[in-house]
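Accompanying notes for the structure given below.
The chains referred to below are lettered A, B, ... by the order of the sequence lines, with proteins before strands, and numbering in each begins at 1. Just so it is clear, the values below take in all heavy atoms, side chains as well, and ignore hydrogens, waters and symmetry mates.
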Amino acid sequence: MLDIRLIRDDIDAVATALLKRGFTLDVERVRGLEEERKTAQVETQTLQAERNQRSKAIGQAKAAGEDIQPLKDEIAGLGDKLKTISTRLDEIQGELDTLLMSVPNLLHESVPEGKSEDDNVEVRRVGTPLEFSFAAKDHVELGESLGQLDFERAAAIAGSRFTSLRGGLASLQRALTQFMLDTHIEKHGYTEVYVPYLVNRESLKGTGQLPKFEEDLFKIEGESDYYLIPTAEVPVTNLVRDQILESDSLPQRMVTHTPCFRSEAGSYGKDTRGLIRQHQFEKVEMVQIVKPEHSYETLEELTAHAEALLQALELPYRVMTLCAGDTGFAAAKTYDIEVWLPAQNSYREISSCSNFESFQARRLKARWRNPETSKPELVHTVNGSGLAVGRTLLAIMENHQNEDGSINIPAVLQPYMRGKQRLEKDVA
RNA sequence: GGAGAGGUGGCUGAGUGGUCGAAAGCGGCGGUCUUGAAAACCGUUGAAGGGCAACCUUCCGGGGGUUCGAAUCCCUCCCUCUCCGCCA
């Protein structure tokens with residue numbers, strides 16, 4: 001959510017800035033509602049002040065043993081009047097809130113212009129894709145011929161866009177998760193957290209998934225409004241909702257591994273083959289709660305933390321700055337890390353690292369006490385995948401495959417794989 | 001699932017219809033003292049919103065109600081704790 005004062009002060013500047021990402025702010029509607037709000041609020045408060053004053057006088061009269069009936073008669077009707085106008089105020093405020101909740105974040109000045117992912121800007125490219133002396137297979141073919149990847153069974157159990165793994169591949173996914181967590185904890189200074197995988201509406205509003213993106217989520221049927229998390233960003237960031245954090249407790253660096261669930265509505269026909277786009281996938285997520293002046297250096301650091309994993313796993317990748325039109329609703333700036341996939345002969349997203357500045361914090365009422373002002377101020381939130389485990393798994397399969405269909409296990413993962421060096425078809 | 005007790009400021013915790021935004025303590029900030037620090041003492045210190053300002057409004061788990069007036073009474077939902085039962 002944007003600062004309402006920013007909108008009041010210079011709505012045209014805000015509207016212009018939002019236009020950069022292709023969002024049209026209904027300036028006239030906001031102006032109109034603000035106007036009404038002001039009138040209704042002043043009127044409500046005036047009536048409330050009068051009521052308070054009169055009531056106090058009645059209290060005093062009663063204490064003095066006087067007859068209070070005449071005083072009560074004097075304010076007959078005031079209650080109804082107040083009720084009418086304050087109800088109107090609530091309505092206006094509600095409309096304004098709804099409108100404001102669906103306005104995306106302002107972009108950082110360094111975000112390049114552009115409409116779609118085609119306009120994203122490459123920042124750097126690390127590692128060189130291997131030249132295979134044979135025709136590289138894709139991960140579906142590799143996994144199925146190993147007998148360790150089975151989409152059919154998963155489809156029977158649940159439906160399309162689900163996976164089942166077996167044997168070495170199942171272990172490798174777990175090994176990857178473990179390796180990622182350990183690296184962030186031991187080398188990058190993160191604290192591991194464990195969080196709910198079902199969350200309430202408030203939490204999703206806080207991080208910006210609701211009210212706008214309901215269709216992307218899986219909702220649980222039942223008395224309570226639970227949603228399956230689309231990313232650990234939701235529960236982890238909500239750890240600081242409604243909190244006033246002490247200055248010395250910042251920055252908070254948190255990491256967790258969770259399954260993620262996405263309905264993938266609107267992506268029919270896209271990435272239907274393989275592990276790329278699933279309803280359920282594993283992800284390791286980094287979340288940092290920081291002081292505002294540090295959020296951009298934090299974004300760089302956190303992106304580097306994700307990159308470190310790809311380097312250790314010997315996977316070629318590139319880092320992209322998302323352009324204005326491709327940057328997500330809540331983010332002020334986003335780097336996507338894209339891993340090389342030989343079978344697709346292209347780079348595909350494996351991590352997304354964003355600075356949300358105070359956008360999420362304002363919705364969450366997540367604040368810190370600034371010692372200089374001794375006042376609570378909004379924190380900044382920064383997060384990123386480190387990494388999407390399922391996609392990393394398929395990247396390893398494709399990049400580290402051999403001609404015979406076996407897959408080399410990167411050295412850093414071998415300790416997590418009971419010393420195993422390659423995945424091969426089980427003879428047994 | 002059954003029975004009971006609770007949810008109050010950054011924290012602990014008093015307050016059960018009227019000058020209560022709320023005692024007290026802790027913590028924070030400022031000061032006295034000290035070579036410096038600690039201790040002690042004095043003062044100060046909730047959040048959000050409106051208005052150029054004086055000032056005003058709202059907030060005692062969420063929502064609704066009663067009343068001239070609600071932290072306090074009523075309804076409802078959520079959460080926490082204790083005991084019993086069941087259980088990964």
Note: for Q53(A) and I75(A) on RNA chain B, the residue whose nearest nucleotide lies more 5' is Q53(A)
Query raised in the report: Would one find a side-chain N or O of K375(A) under 4.0 angstrom from OP1 or OP2 of rG46(B)?
Result: no
For Q288(A) and E301(A), does a side-chain donor sit closer than 3.5 Å to a side-chain acceptor?
no
Rounded to whole Å, CD of E246(A) lies from P of rG28(B) at a distance of 9 Å
Whole-Å distance, L100(A) CG to rG49(B) P, equals 13 Å
Distance between C1' atoms of rG69(B) and rU19(B) (Å, rounded)
12 Å
Original post:
Taking 4.0 angstrom as the limit, do E357(A) and R362(A) come out as a salt bridge?
Top reply: no
Do the side chains of E424(A) and R422(A) get close enough for a salt bridge, i.e. N-O under 4.0 angstrom?
yes
Salt-bridge present (E28(A), R31(A); N to O < 4.0 Å)
yes
What's the gap between rC41(B) and rU57(B) when it is taken at their P atoms, as a whole Å value? 37 Å
Margin query: If I pick the C1' atom on rC59(B) and the same atom on rG7(B), what distance separates them, to the nearest angstrom?
Written below: 16 Å
Separation between the P atoms of rC73(B) and rA14(B), rounded to whole Å:
16 Å
Q: Using a 4.0 Å heavy-atom cut-off across all strands, classify P371(A) as base, sugar-phosphate, or nothing.
A: nothing
For N399(A), the side-chain hydrogen bond (donor to acceptor under 3.5 Å, both in side chains) test, sequence neighbours excluded, returns none
Quiz item: Quantified in whole Å, what is the C1' atom distance between nucleotide rG62(B) and nucleotide rC11(B)?
Solution: 23 Å
note: R201(A), atom CZ; rC78(B), atom C1'; distance rounded to Å ~ 16 Å
Atom NZ of K83(A) and atom C1' of rG69(B) are separated, to the nearest Å, by 15 Å
| message | Using a 4.0 Å heavy-atom cut-off, does Q60(A) contact any base of the nucleic acid, only the sugar-phosphate backbone, or nothing at all? | response | base
side-chain hydrogen bond (donor to acceptor under 3.5 Å, both in side chains) test vs N370(A) passes for just one of K375(A), E377(A), K291(A), namely E377(A)
Here RNA chain B, pairs taken as Watson-Crick or G-U under 3.5 Å and shown with ( ), [ ] when crossing and | when to another strand, reads ((((((((.[[[..)..(.....]]]((((((.......))))))(((((....))))).[[[[[..)....]]]]])))))))....
Per atom distances to the K38(A) side chain, the nearest of rG51(B), rG10(B), rG49(B) is rG51(B)
Q45(A) has its side chain closest, among rC56(B), rG10(B), rG18(B), to rC56(B)
### Same-atom distance (P) from rA71(B) to rU16(B), integer angstrom
13 Å
To the nearest angstrom, the CZ-C1' distance between R5(A) and rG49(B) comes to 8 Å
Checking rU58(B), rG10(B), rC68(B) against the side chain of Q48(A) (C-beta onward), the nearest is rU58(B)
Whole-Å distance, N370(A) CG to rA47(B) C1', equals 16 Å
Does the plane of the ring in Y190(A) sit parallel, tilted or perpendicular to the ring in H188(A)? Use 30° and 60° as the thresholds. perpendicular
Residues 156-176 of chain A vs side-chain hydrogen bond (donor to acceptor under 3.5 Å, both in side chains), sequence neighbours excluded, gives T163(A)-Q278(A), S171(A)-R418(A)
Here the distance between atom C1' of rA48(B) and atom CD1 of I4(A), to the nearest Å, is 14 Å
L82(A) atom CG is separated from rU66(B) atom P, nearest whole Å, by 13 Å
**Message:** Quick test of your reading of the model: are E264(A) and K270(A) salt-bridged, counting only N-O distances below 4.0 Å?
**Reply:** no
Side-chain-base donor-acceptor pair under 3.5 Å for K56(A) and rG18(B):
no
In B/S/- notation (B base, S sugar-phosphate only, - none; protein heavy atoms under 4.0 Å), nucleotides 70-75 of chain B written 5' to 3' is ------
* To do: Would you indicate, yes or no, if rU58(B) has its OP1 or OP2 atom less than 4.0 angstrom from a side-chain nitrogen or oxygen of N52(A)?
  => yes
Applying side-chain hydrogen bond (donor to acceptor under 3.5 Å, both in side chains) to S354(A) and not counting sequence neighbours gives T334(A)
Item to check | N/O (side chain, R367(A)) to phosphate O (OP1/OP2, rG10(B)) under 4.0 Å | outcome: no
*Using the P atom on both, measure rA70(B) against rG18(B) and round to a whole Å.*
11 Å
Taking for A49(A) and for G59(A) the nucleotide of RNA chain B with the nearest heavy atom, the one nearer the 5' end belongs to G59(A)
Q) What is the nucleic acid contact for I58(A), judged by heavy atoms within less than 4.0 Å: base, sugar-phosphate only, or nothing? A) base
Roughly how far apart, to the nearest Å, are rG27(B) and rA39(B) at atom P?
8 Å
Quiz question: by atom type and distance under 3.5 Å, do the side chains of S203(A) and R241(A) form a donor-acceptor pair? yes
Contacts of D242(A) meeting side-chain hydrogen bond (donor to acceptor under 3.5 Å, both in side chains) (sequence neighbours excluded), chain-then-number -> none
